[in-house]
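The structure appears right after this line, and notes come after that.
The chains referred to below are lettered A, B, ... by the order of the sequence lines, with proteins before strands, and numbering in each begins at 1. Computed from a predicted model, the values in this text were never measured in an experiment.
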Number of protein chains: 2
Amino acid sequence: MAARVTATSIVDAISNDLRTRILEGELTSDLALTETEMAASYDVARPTAKAAIEKLVSEGLLVRGAHKSARVAELGPDSVRDIYRARAYLESEVLRRLAVTRTVPEGAVQANRDIAAVAGGSALDVVEPDMRFHTSLIDAVGNERLSKMYRSLVSEVRLCMVRVQSLNLLDTALIQAEHQRILELIAEGDGPGAAQLLDEHLSRARERLAAAIGGEAGPEAHHPSSLHPSSLHSS
Amino acid sequence: MAARVTATSIVDAISNDLRTRILEGELTSDLALTETEMAASYDVARPTAKAAIEKLVSEGLLVRGAHKSARVAELGPDSVRDIYRARAYLESEVLRRLAVTRTVPEGAVQANRDIAAVAGGSALDVVEPDMRFHTSLIDAVGNERLSKMYRSLVSEVRLCMVRVQSLNLLDTALIQAEHQRILELIAEGDGPGAAQLLDEHLSRARERLAAAIGGEAGPEAHHPSSLHPSSLHSS
DNA sequence: CTTGCATACTTGCTAGACAATCGTGGAGGT
DNA sequence: ACCTCCACGATTGTCTAGCAAGTATGCAAG
């Protein structure tokens, strides 16, 4: 398995590169991704760029109207709640099933160890092992479709995360402790307890993230919560 | 809202038509869907047909290798179990949450009424209201992403269903009774009870469907479980 | 019977072009 | 001065034509 990273196709290579650039915050929702520019910057034909864009649109990372340019998806507080609630639906049931067999995924405990390891570093470094913790739990049930669904949600979560530069809203120690407790509850066979704790865990993160995203509408918006009707014309 | 069915784009129209033809069994996995043939039959250019095919590939209804023609996905018993388990994961947690607020979706009770109405007719007519019953439950929580995920699973289920012509494996009365009991448990606020009953409900359907799909390898296969090595050359 | 090669078919991608549509800006009327 | 309407540029949707690359199949040779 020497050459595993070989790009299977050009459109896949472009879409992968675009995905990482989006998830790293290089591409924001304020600049339009026209097919022509994309084709020129990657030195490919326009249909190729078009296919790459449409792939990311189908993943939910880009949005595009009828004849308009594609833009990075702008996820508001309502979308954040939608995403996190979907996460909770999937993951809490998974915890119940894992608790029945008392299955504690090794990847999850390792991921939680990594969270503790970066406790002193940047808050952004917590995001990766945190996501790895949750995906490890999902993957532990060995359901291909479930894992794919959850991965799609994780992508959107990371898209939200990259928009809030000041991630001081993450209490690393608390996150790590709650993860640990969840694993313990699974080991004890307490499915409902693990599910409920996860629910609280995700609810807290959800509301913090929703507030952080809803409150930052640019430097000129003083009172985002008190917008008057004249400011909403189309959307 | 007079013109609602207007095709937003040609590729969408083609992919929609293809989807219905696949789900109705007109297109089976034994014939190759060539891009040029598709383009010729719909009288469009090849890139258009290509886009429509790739859209269905991303939905999981079609599969395609490196430089090979697209074919209708062939879902084996293992895939059936994967799909039904994913359904169970999503839906059982939904039932728990619906039971908390004792929310009984009107669409679900109507769908179950429709199941009883077609009890005397063809077994195939049960599939549609049955799916509608389950999707109504999912939609009741009002989560956009969750509904989309479940709809994707339902598509694959229907793809499996169309392969088993003799659907005498469906006990309409039993299905309808179990659905009714699930709704009652929700109304009583018994989330775990509803979740467990649903689990048994789906498990039974899953194993029947898996057996029906795994055991039908054509009219000439007398003993599907005892095939000798010389009969499997490539696939 | 197996192995190797050549050919046909299909897809991946490119280049260029035209029509349809959306957004924007300016001309004209009130 | 303000509003309405039209024309223009920009962008996407789709088409035509074609070349390159890969896969599969058939045939010939060992």
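By the side chain to side chain donor-acceptor pair (under 3.5 Å) test, B/Thr36 pairs with no residue at all, sequence neighbours left out. Qualifying ring-ring contact (aromatic ring centres under 6.0 Å, His included) partners for A/Tyr89, counting only residues two or more places apart in sequence or in other chains: none. Legend: residues meeting salt bridge (Lys or Arg N to Asp or Glu O under 4.0 Å) with B/Glu93, ordered by chain and number and at least two apart, are A/Arg96, B/Arg96, B/Arg97. Under the salt bridge (Lys or Arg N to Asp or Glu O under 4.0 Å) criterion, A/Arg71 pairs with no residue at all, not counting sequence neighbours. In this view, A/Glu106 and A/Arg113 satisfy the salt bridge (Lys or Arg N to Asp or Glu O under 4.0 Å) rule, not counting sequence neighbours.
In summary, contact between chain B and DNA chain C, defined as any nucleotide atom under 4.0 Å from a heavy atom of the protein, begins and ends at C/dT10 to C/dC13 in the 5' to 3' direction.
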Donor-acceptor list for residues 39-46 of chain A side chains, cut-off 3.5 Å, not counting sequence neighbours:
from: A/Ser41; atom 1: OG; to: A/Glu37; atom 2: O; distance (Å): 3.4
from: A/Ser41; atom 1: OG; to: A/Met38; atom 2: O; distance (Å): 3.1
from: A/Tyr42; atom 1: OH; to: A/Asp17; atom 2: OD2; distance (Å): 2.4
from: A/Tyr42; atom 1: OH; to: A/Arg21; atom 2: NH1; distance (Å): 3.0
from: A/Arg46; atom 1: NH1; to: A/Glu35; atom 2: OE1; distance (Å): 2.9

Please list, one pair per line, the donor and acceptor atoms closer than 3.5 Å that link side chains of residues 81-88 of chain B to other protein atoms, with sequence neighbours excluded.
from: B/Arg81; atom 1: NE; to: B/Glu207; atom 2: OE2; distance (Å): 3.2
from: B/Arg81; atom 1: NH2; to: B/Glu207; atom 2: OE1; distance (Å): 3.2
from: B/Asp82; atom 1: OD1; to: A/Glu144; atom 2: N; distance (Å): 3.0
from: B/Asp82; atom 1: OD2; to: A/Arg145; atom 2: N; distance (Å): 3.2
from: B/Asp82; atom 1: OD2; to: A/Arg145; atom 2: NH1; distance (Å): 2.8
from: B/Arg87; atom 1: NE; to: B/Tyr150; atom 2: OH; distance (Å): 3.0
from: B/Arg87; atom 1: NH2; to: B/Tyr150; atom 2: OH; distance (Å): 3.1

5' to 3', nucleotides 10-17 of chain D under a 4.0 Å protein heavy-atom cut-off (B base, S sugar-phosphate only, - none) gives -SBBBSB-

